[in-house]
Amino acid sequence: MPLYRPRARAILRTPAGGDVRTFPVRVRRAQLESNDHNHADTLKLSAEWRDAGVDPRLLGNATVDFYLGDASDAGRWQPTRRDLRFVGIATRVARTARESEGFSVEIEFHDFTRLFLKAKPFGTSGIPDYSQTLDDAWRRIVSQTPGAAVLASRLRRQGFDTWPTLGTAVAARFAKIGKVPTKPNTDAWAVWQQCVGMMGLISYVKLDEVIVTTSTDYYTAKDPPRLVWGRNILSMAESRDADRANRGVGITSFEPLSGTTLEALWPPVGDEHVRHKQVGAKKAGDESALRQAEERDYFAYPEVTNPDALLEIAKRVYEERSRQELEGSLHTAEMRVATLGGSDFDLLALAAGDVLRVEFEQREREQLASLGGMQARVDYLVARGYSESTAEVIAASADDFGQLDPNFFTKRVTTTFEADDSDGKFEIEVNYCNRIAIAAPSFGSASRNAPPDGIDQARP
């Protein structure tokens, strides 16, 4: 295992007499949590009293730039933009005293989504209308969100070339009515997510920018990092939610001007991944018979009345929901790991939405395969952190590892740092999920996301 010398630094900015005071603080402990696009990232920081020992009331509006990196190569660590892991706003400040450590300041920060969550109830003058492009809608929302002006020009698109017009998500006649519908007593972030969701897109805050991306680009990585049991994983645990497997989704809406009910289905009717009953050859083209043979959950999305936009939303809901079938977590003390292609990956930069490859070491796979009995294999896996139900599925397919997809999707990353007399210590916890479609009798089918040609699928 490589020897790391983890270092952390925080830069606080706080109003002082009409100016902004900037000062670095030494970090005793830090816990950084990177969440998905529906939740704010958070940072809990314990700083030296001598650095941040001012009245907590004066730190209430403080912002922070938090850096975390490795000083092994440079010796004397000088953080750069590459080491910037979090930018956010103080939400809670407290002074504490411990006999072994003396006084310290405990501060909790949230990322900039907090500004928008606090803007509640959101004024009607800030509600975008259907004639606006998505970036225009963003600027209108920001204009009515206290403290958010700096973010007006920090909107970034990813995976598409031009900002779409909100009116393209609804019927042309309906778009002429005016503003985007919102719920009573809503906040600014909910209004923004409404606008983004209408277009079948995803938006989240990353450091001091707001990213807008497609669900495909959000969940895609060409060269994922590899974490391998028996090599760089300290502990791991997984469990399977079978109720989410092989279920399609249907999104419904109502177009009030024409009195028409719209429906978008994904996967399409007849797709083998949602079919649960056999359909006779004579009824193979009968949509009604095919629907009766499948399992599908329906969700209302009344704000969108454009069929194409509704279908994109159905795809997004299906992808996000189906990935929850298998959930797991692992712990590692690695800062850098190799990717599938052999490149170096900064694990401190791993975030919710990234693809992660979780595998067994080759000798571990061989050991499992060598255990002839089902119960021996199950016991072997349970001892390594797997739940009983997941262990049974894996044990049943131990002779057919090559068909199982080792690529997972990161849900949450929690990084913990603690300073000591020399440098510091840290640990990363990754919560991940993926869709594994298990088909009897072989228990060997995998995610529909096929691997690139020539890549060995080695996950149990």
Side-chain angles (χ1 to χ4, degrees), residues 1-14 21-35 41-54 59 62-90 93-96 98 100-111 206-209 225 227 232-234 330-339 343-352 354 410 412-430:
M1 180 175 295
L3 177 63
Y4 298 109
R5 299 174 62 186
R7 301 282 183 86
R9 182 176 299 177
I11 307 296
L12 290 183
R13 295 181 178 85
T14 185
R21 180 188 173 201
T22 300
F23 54 98
V25 297
R26 284 167 288 180
V27 179
R28 288 184 174 179
R29 287 177 296 275
Q31 185 180 75
L32 174 61
E33 186 173 284
S34 172
N35 294 304
D41 293 347
T42 62
L43 171 68
K44 296 180 180 179
L45 197 68
S46 177
E48 289 284 349
W49 169 260
R50 290 167 294 179
D51 297 333
V54 297
L59 294 176
T63 61
V64 68
D65 293 351
F66 176 71
Y67 299 83
L68 181 62
D70 178 25
S72 297
D73 296 331
R76 186 172 183 176
W77 184 62
Q78 184 62 41
T80 66
R81 176 77 181 185
R82 183 181 60 184
D83 300 310
L84 182 61
R85 310 299 179 180
F86 177 87
V87 177
I89 307 166
V93 184
R95 302 186 222 187
T96 63
R98 296 182 178 88
S100 60
E101 300 177 356
F103 285 94
S104 66
V105 178
E106 309 284 344
I107 313 176
E108 183 172 343
F109 300 88
H110 288 186
D111 68 26
K206 183 177 182 181
L207 299 178
D208 53 359
E209 295 184 332
L227 283 165
N232 53 22
I233 295 176
L234 298 176
L330 62 84
H331 290 80
T332 181
E334 299 289 331
M335 277 192 175
R336 295 185 300 271
V337 296
T339 66
S343 301
D344 186 63
F345 184 88
D346 180 4
L347 204 55
L348 294 174
L350 186 71
D354 288 338
T410 305
R412 181 172 62 253
V413 182
T414 304
T415 304
T416 304
F417 168 86
E418 185 171 351
D420 58 25
D421 294 336
S422 55
D423 296 298
K425 56 184 178 181
F426 81 103
E427 185 174 287
I428 298 175
E429 179 183 7
V430 183

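All heavy atoms count here, side chains included; hydrogens, waters and symmetry mates do not.
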How close do [X] and [Y] get, counting heavy atoms only, and between which atoms?
{"X": "Leu68", "Y": "Trp77", "answer": "C-CZ2, 3.9 Å"}
{"X": "Ala90", "Y": "Phe109", "answer": "N-CD2, 3.3 Å"}
{"X": "Leu84", "Y": "Phe66", "answer": "CD1-O, 3.5 Å"}
{"X": "Gly69", "Y": "Asp83", "answer": "CA-OD1, 4.1 Å"}
{"X": "Thr14", "Y": "Ala62", "answer": "CB-CB, 4.2 Å"}
{"X": "Ala352", "Y": "Ser34", "answer": "N-OG, 3.5 Å"}

Asp208/Arg81 salt bridge by N-O under 4.0 Å criterion =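 Salt bridge flag = yes for Asp208 with Arg81.
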Check ion pair Arg29-Glu106 (N to O, under 4.0 angstrom) |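 Here Arg29 pairs with Glu106 in a salt bridge, since their nearest N and O are under 4.0 Å apart.
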Atom pair [atom1]/[atom2] of [X] and [Y] - distance to nearest 0.5 Å:
{"X": "Glu429", "Y": "Thr332", "atom1": "CD", "atom2": "OG1", "result": "11.5 Å"}
{"X": "Leu234", "Y": "Glu427", "atom1": "CG", "atom2": "CD", "result": "5.5 Å"}
{"X": "Phe426", "Y": "Met335", "atom1": "CZ", "atom2": "CE", "result": "4.0 Å"}
{"X": "Asp41", "Y": "Asp111", "atom1": "CG", "atom2": "CG", "result": "5.0 Å"}
{"X": "Leu348", "Y": "Arg82", "atom1": "CG", "atom2": "CZ", "result": "11.0 Å"}
{"X": "Gln31", "Y": "Thr414", "atom1": "CD", "atom2": "OG1", "result": "6.0 Å"}

Please examine the side chains of Val93 and Val105, heavy atoms only from C-beta on, and report whether any two atoms are closer than 4.5 Å.
-> yes
So, Thr339 side chain and Phe345 main chain: donor-acceptor pair closer than 3.5 Å or not?
-> no
